[in-house]
Chemist: 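Here's a structure for you.
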Amino acid sequence: MYHYIPQEINQITHDIIGAAFEVRKYCGKGLLENYYESALAYELELRGHKVGRQVLVPAIYKGVPVKDPYKIDLIVDDEVIVELKSLPYFISENFSQLATYLWLTDKKIGLLINFSAKDFVVGTWNKEKPDYKLVIVRIIQSKTNRLRGNT
């Protein structure tokens with residue numbers, strides 16, 4: 001279990017959130033997800049970050065690769081996973097998707113960003129009392145990854 005997030009990773013998430021606010025301010029809401037992905041990747045590169053787009057994550061079952069791997073929208077500086085949405089509000093599967101990506105990659109932190117939500121504000125996710133109207137949610141991995149041989 002991760003109890004401490006290094007300052008450099010916190011800084012990356014801070015930069016991603018700032019870049020997301022810039023993209024939303026410039027573009028508004030209601031565009032396609034891939035448009036926001038391109039814009040956010042460009043904004044992050046302008047800020048000096050290395051950005052991987054549509055990163056394939058192989059899934060292995062009993063030593064055999066699963067046919068259709070997962071695709072992560074963005075990985076920033078090889079540290080932070082960013083999953084983007086363009087929806088009126090989140091659904092529970094959005095959070096599960098990001099949690100799965102964290103689990104498969106063994107990354108410590110991910111951001112879930114919804115560019116089409118009404119109010120573009122940062123929120124805190126609470127599993128016991130979920131708020132699907134949040135816009136930017138930071139999720140920290142807490143499970144070990146048995147598929148990658150970790151215990």
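We count residues from 1, following the sequence as given. Since we're looking at a predicted model, the values are computed, not measured.
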Chemist: Which residues satisfy the side chain to side chain contact (heavy atoms under 4.5 Å, CB included) test with S38, sequence neighbours excluded?
Modeler: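 Result, side chain to side chain contact (heavy atoms under 4.5 Å, CB included) vs S38: R53.
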
Chemist: What is the minimum heavy-atom distance between K107 and D78, and which atoms define it?
Modeler: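 For K107 versus D78, the nearest heavy atoms are NZ-O, 3.1 Å.
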
Chemist: Within this structure, what is the CG-CG distance for the pair L111 and L84, rounded to the nearest 0.5 Å?
Modeler: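 Separation between the atoms: 9.5 Å.
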
Chemist: Would you give the length of the straight line joining atom CG of N114 to atom NZ of K29, rounded to the nearest 0.5 angstrom?
Modeler: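 One finds 10.0 Å between CG of N114 and NZ of K29.
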
Chemist: If you measure from CZ on R24 to OH on Y36, what distance do you get to the nearest 0.5 Å?
Modeler: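 So the gap between those two atoms works out to 6.5 Å.
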
Chemist: To the nearest 0.5 angstrom, please state how far the OG1 atom of T105 sits from the CD1 atom of I72.
Modeler: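 T105 atom OG1 to I72 atom CD1 measures 5.0 Å (nearest 0.5 Å).
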
Chemist: Output the distance between atom CG (L102) and atom CD (Q97), rounded to the nearest 0.5 Å.
Modeler: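 Atom-to-atom, L102:CG and Q97:CD are 11.0 Å apart.
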
Chemist: When rounded to the nearest 0.5 angstrom, what is the spacing between CG in L31 and CD in E33?
Modeler: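 Reported to 0.5 Å precision, the distance equals 12.0 Å.
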
Chemist: Same hydrophobic cluster for Y35 and L87, using side-chain heavy-atom links shorter than 4.5 Å among ILVMFWY?
Modeler: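 No, separate clusters.
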
Chemist: Kindly say whether L32 contributes a backbone atom to a donor-acceptor pair with the side chain of S86 at under 3.5 angstrom?
Modeler: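 Side chain of S86 to backbone of L32: no pair is present.
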
Chemist: To check you understand the geometry: which heavy-atom pair defines the closest contact between V76 and I12, and what is its length?
Modeler: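 Looking at all heavy atoms of both residues, the closest pair is CG1-CG2, 3.8 Å.
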
Chemist: Can you list every salt bridge (charged side-chain N to carboxylate O under 4.0 Å, His left out) pair that touches residues 79-88, not counting sequence neighbours?
Modeler: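 For residues 79-88: E83-K85.
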
Chemist: Just one of V82, V57, V55, V51 clears the side chain to side chain contact (heavy atoms under 4.5 Å, CB included) bar with I75, so which one?
Modeler: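 Only one option passes, and that is V55.
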
Chemist: Which atom names give the shortest non-hydrogen contact between A41 and L74, and what distance separates them?
Modeler: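 Taking A41 first and L74 second, the nearest heavy atoms are CB-CD2, 4.1 Å.
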
Chemist: Suppose we screen for side chain to side chain contact (heavy atoms under 4.5 Å, CB included). Which residues come up paired with V66, at least two apart in sequence or across chains?
Modeler: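 A59, Y61.
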
Chemist: Filter on salt bridge (charged side-chain N to carboxylate O under 4.0 Å, His left out), then keep only pairs touching residues 40-50, sequence neighbours left out; what's left?
Modeler: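 For residues 40-50: E43-R47.
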
Chemist: Which residues satisfy the ring pair (Phe, Tyr, Trp, His ring centres under 6.0 Å) test with Y70, sequence neighbours excluded?
Modeler: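 Checked Y70 against ring pair (Phe, Tyr, Trp, His ring centres under 6.0 Å); matches are Y101.
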
Chemist: Has D77 got a side-chain atom pairing as donor or acceptor with H49's backbone, closer than 3.5 angstrom?
Modeler: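 No, the answer is negative, given that no donor and acceptor are paired below the 3.5 Å cut-off.
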
Chemist: Which other residues end up in the same hydrophobic cluster as Y42, if Ile, Leu, Val, Met, Phe, Trp and Tyr are linked when side-chain heavy atoms come under 4.5 Å apart?
Modeler: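 ILVMFWY cluster around Y42 also holds L46.
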
Chemist: Determine the minimum heavy-atom distance between L40 and A20, stating which atoms define it.
Modeler: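 Minimum heavy-atom contact is CD1-N, 3.6 Å.
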
